[in-house]
Amino acid sequence: MPHTKISEFDPVAFLASSGLGRRIVQYKANGTLFTQGSAADCVFYLQKGRAKLTVVSKAGKEATITLIAAGDFVGEESVTAIAGMHMSTATAITACSALKIERKEMMRVIHDEHAFSDIFVAFLLERSMRTQADLVDQLFNSSERRLARILLLMADFGKPGEPETMIPRITQETLADMIGTTRSRVSFFMNRFRKMGFINYNGRIHVHKSLLNVVLHDQRPGANSMSAALLDTKREKSQSAKVASTSVREP
């Protein structure tokens with residue numbers, strides 16, 4: 001009898017097509033993939049477009065925590081040992097196409113298909129490293145450098161291939177949420193970046209490679225700009241002087 005050849009699993013084909021336990025869904029800009037507090041019962045793989053993850057505090061304040069690009073998974077909390085709820089809201093920034101994978105099918109393919117689990121684990125590691133980098137960015141970098149880094153990430157600088165220097169439409173309020181500052185400060189930095197030729201924008205932002213200088217070399221525009229290290233040193237000296245002055249006045 002002729003041998004029946006068993007076809008090998010193709011993760012690229014799996015993520016590009018509908019099938020048992022998965023279907024392709026389309027979202028218009030501002031469409032919602034899932035909401036904070038809803039049942040975490042599926043994982044999305046973004047095929048095209050851009051999306052964002054936001055959280056809302058008990059006081060009603062909304063913050064954008066990360067941006068999602070084509071090739072990213074979102075809703076990965078659905079594959080935890082005990083299914084719970086989504087801790088954030090995923091919203092399309094542009095028109096999006098996504099593969100919606102049910103929890104049961106996602107768990108099956110992770111366990112049964114090593115080629116797929118390798119891709120998923122690599123994504124989780126990259127997401128973890130990105131989260132750590134975001135935390136370090138918030139703790140140690142100025143809001144100006146944080147803004148430059150976000151713009152470069154949105155333009156895909158540092159990823160294989162040519163960067164997409166024209167980034168999707170995004171409001172200054174959203175950028176302010178992401179870097180932890182005010183809209184007026186974002187507007188100030190954006191105007192400064194534009195004057196120095198780091199970006200162009202007229203509705204959409206066009207990012208130039210020269211913006212890397214702000215992140216890598218701290219070359220901020222302006223004659224009176226100082227490096228973050230120098231600013232920190234000045235603050236420490238000022239605080240020391242205040243302590244010394246207080247000590248002298250004490251009886």
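By the criterion of side-chain heavy atoms lying less than 4.5 angstrom apart, applied directly or through intervening Ile, Leu, Val, Met, Phe, Trp or Tyr residues, I101 is not grouped with V25; the two fall into different hydrophobic clusters. Both L124 and V43 are members of a single hydrophobic cluster when ILVMFWY side chains are connected at heavy-atom separations under 4.5 Å. F123 and L46 are members of different hydrophobic clusters when ILVMFWY side chains are connected at heavy-atom separations under 4.5 Å. No continuous path of hydrophobic side-chain contacts links Y27 to L15 [ILVMFWY only; heavy atoms under 4.5 Å]. In the hydrophobic cluster analysis, where Ile, Leu, Val, Met, Phe, Trp and Tyr join through side-chain heavy atoms closer than 4.5 angstrom, V74 is grouped together with I65.
Ion pair E76/R127 flagged as a salt bridge, since at least one NZ, NE, NH1 or NH2 atom sits closer than 4.0 Å to an Asp/Glu carboxylate oxygen. Between E144 and R185 no salt bridge is recorded (no basic side-chain N to carboxylate O distance below 4.0 Å). At a threshold of 4.0 Å, the pair D134-R149 counts as salt-bridged, since one of the basic side-chain nitrogens sits closer than that to a carboxylate oxygen.
The distance from atom CD of E77 to atom NE2 of H86, rounded to the nearest 0.5 Å, is 5.5 Å. The distance from atom CZ of R108 to atom CZ of R103, rounded to the nearest 0.5 Å, is 14.5 Å. Taken to the nearest 0.5 Å, the CG atom of D41 stands 13.5 Å off from the CE atom of M106. Of the inter-residue distances, the one linking T174 atom OG1 with R169 atom CZ reads 14.0 Å to the nearest 0.5 angstrom. Note: I170 CD1 to D177 CG = 9.5 Å, rounded to the nearest 0.5 Å. Atom-to-atom distance recorded for E173:CD and T182:OG1 is 10.5 Å, nearest 0.5 angstrom.
Here the side chains of R22 and S17 are in contact, with some heavy-atom distance below 4.5 Å. In this structure, the side chains of L53 and I68 come closer than 4.5 Å at one or more pairs of heavy atoms. For the pair L33 and T91, the minimum side-chain heavy-atom distance is 4.5 Å or more. At a threshold of 4.5 Å between non-hydrogen side-chain atoms, the residues V186 and I179 count as touching. Contact check for R23 versus L99: no side-chain heavy atoms found under the 4.5 Å cut-off. You'll find the side chain of N30 stays beyond 4.5 Å of the side chain of I93, heavy atoms only. Between I24 and S97, the closest side-chain pair of non-hydrogen atoms falls below 4.5 Å. Using a 4.5 Å heavy-atom cutoff, the side chains of M107 and V79 are in contact.
When each of F189, F193, F198 is tested with L151 by the rule side chain to side chain contact (heavy atoms under 4.5 Å, CB included), just one qualifies, namely F193.
The two residues V214 and R145 come nearest to each other via the heavy atoms O-NE, 3.4 Å. Nearest heavy atoms, A40 versus S78: C-OG, 3.3 Å. Of all heavy-atom pairs spanning A70 and Q47, the tightest one is CB-O, 3.4 Å. Across all their heavy atoms, C42 and E102 have their closest contact at CB-CA, 4.1 Å. Of all heavy-atom pairs spanning Q36 and V55, the tightest one is OE1-CA, 3.4 Å.
Aromatic rings from F73 and F44 are positioned such that their centres are separated by 6.0 Å or more.
Panel note: side chain R204, backbone M166; a donor-acceptor pair is recorded below 3.5 Å. The backbone N or O of V109 lies less than 3.5 Å from no partner atom in the side chain of D112, so there is not a single donor-acceptor pair. The main-chain N or O of T94 is never found under 3.5 Å from a side-chain atom of R50 such that the two would form a donor-acceptor pair.
Side chains of T131 and S128: no donor on one and acceptor on the other come within 3.5 Å.
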| request: Walk me through it: do L67 and M154 pass the test side chain to side chain contact (heavy atoms under 4.5 Å, CB included)? | output: CA-CA 8 Å; L67 298 177; M154 291 183 67; 3.2 Å; yes

| request: Starting from the C-alpha separation in whole Å, work towards a yes-or-no answer on side chain to side chain contact (heavy atoms under 4.5 Å, CB included) for M190 and I205. | output: CA-CA 10 Å; M190 293 286 281; I205 303 169; 3.4 Å; yes

| message | Show, in sequence, the C-alpha distance, side-chain angles and deciding distance for S88 and F34, and conclude whether the side chain to side chain contact (heavy atoms under 4.5 Å, CB included) test is met. | response | CA-CA 8 Å; S88 58; F34 56 79; 4.3 Å; yes

| query | Between S117 and H111, does a side chain to side chain contact (heavy atoms under 4.5 Å, CB included) hold up when you go through it step by step? | reply | CA-CA 7 Å; S117 57; H111 288 131; over 6 Å; no

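Between H208 and H206, the angle of the ring planes goes over 60°, which puts this pair in the perpendicular group of the 30/60° scheme.
The neighbour count for L139 CG, taken as heavy atoms of other residues, nucleotides or ligands under 6.0 Å away, is above 12.
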